[in-house]
Amino acid sequence: MAKDADAHASEDKEKREEIEARNSLDGLVYNIEKMLKESGDKIEGSEKADVETEVAQAKTLLEGTPKSSELKAAHEKLTHASHKLAEVMYKASAAAAGGQAAPVADQPAGEAKKDEGVIDAEYVDVDEKK
């Protein structure tokens, strides 16, 4: 039995890599579809179309029996396309929030915070049995 396990170890490793690559790509497809469904109406342009094309290609690939290298390549392409989409979404949200207050990190160092009613105090524990 141990000899059989040793003989098929490389096959098992390849199958495991394929399954992990398939699961990873499937999860990425799901997450990107969810992102497009939730905020796809806010995005226009070729980036959205590129991502949708990559998602469709990945779904087609997942329906077949591809090798792990093909799955990894599709994962990389889809990740790259989704990063471009995220960048467009970030720029759109930053432009929409342009009139709002600046983040705390941009506050000048000398500007004090508002008093939130917090009292900083020290106390001494006195032993009464002396």
Supply the atom-to-atom distance L25 CG to K77 NZ, rounded to the nearest 0.5 angstrom. 11.5 Å

Measure the NZ-OG1 distance between K48 and T53 for me, rounded to the nearest 0.5 Å. 12.0 Å

For E17, check salt bridge (charged side-chain N to carboxylate O under 4.0 Å, His left out) against everything at least two apart and list the hits. none

Salt bridge (Lys or Arg N to Asp or Glu O under 4.0 Å) pairs touching residues 19-36, sequence neighbours excluded, are R16-E20, E33-K59

Mind listing the closest non-hydrogen atom pair of S68 and A21 along with its distance? O-CB, 4.2 Å

Hey, are the side chains of V55 and L28 touching, using non-hydrogen atoms and a 4.5 Å cut-off? no

Quick one: side chain to side chain donor-acceptor pair (under 3.5 Å) partners of S24, sequence neighbours excluded? H75

Any pair counted as salt bridge (Lys or Arg N to Asp or Glu O under 4.0 Å), so long as it reaches residues 60-75, sequence neighbours left out: none

Residues M35 and L85: closest non-hydrogen pair is CE-CD2, 3.4 Å

Minimal non-hydrogen separation, E54 against L78, with atom names: CB-CD1, 3.5 Å

Can you name the nearest heavy-atom pair linking A81 to V51, along with the distance? O-CG2, 3.2 Å

Could you work out, with side chain to side chain donor-acceptor pair (under 3.5 Å) as the rule, every residue matching E11, not counting sequence neighbours? H8

Linking Ile, Leu, Val, Met, Phe, Trp and Tyr through side-chain heavy atoms less than 4.5 Å apart, which residues share a cluster with V126? V124

Any pair counted as salt bridge (Lys or Arg N to Asp or Glu O under 4.0 Å), so long as it reaches residues 84-96, sequence neighbours left out: E87-K91

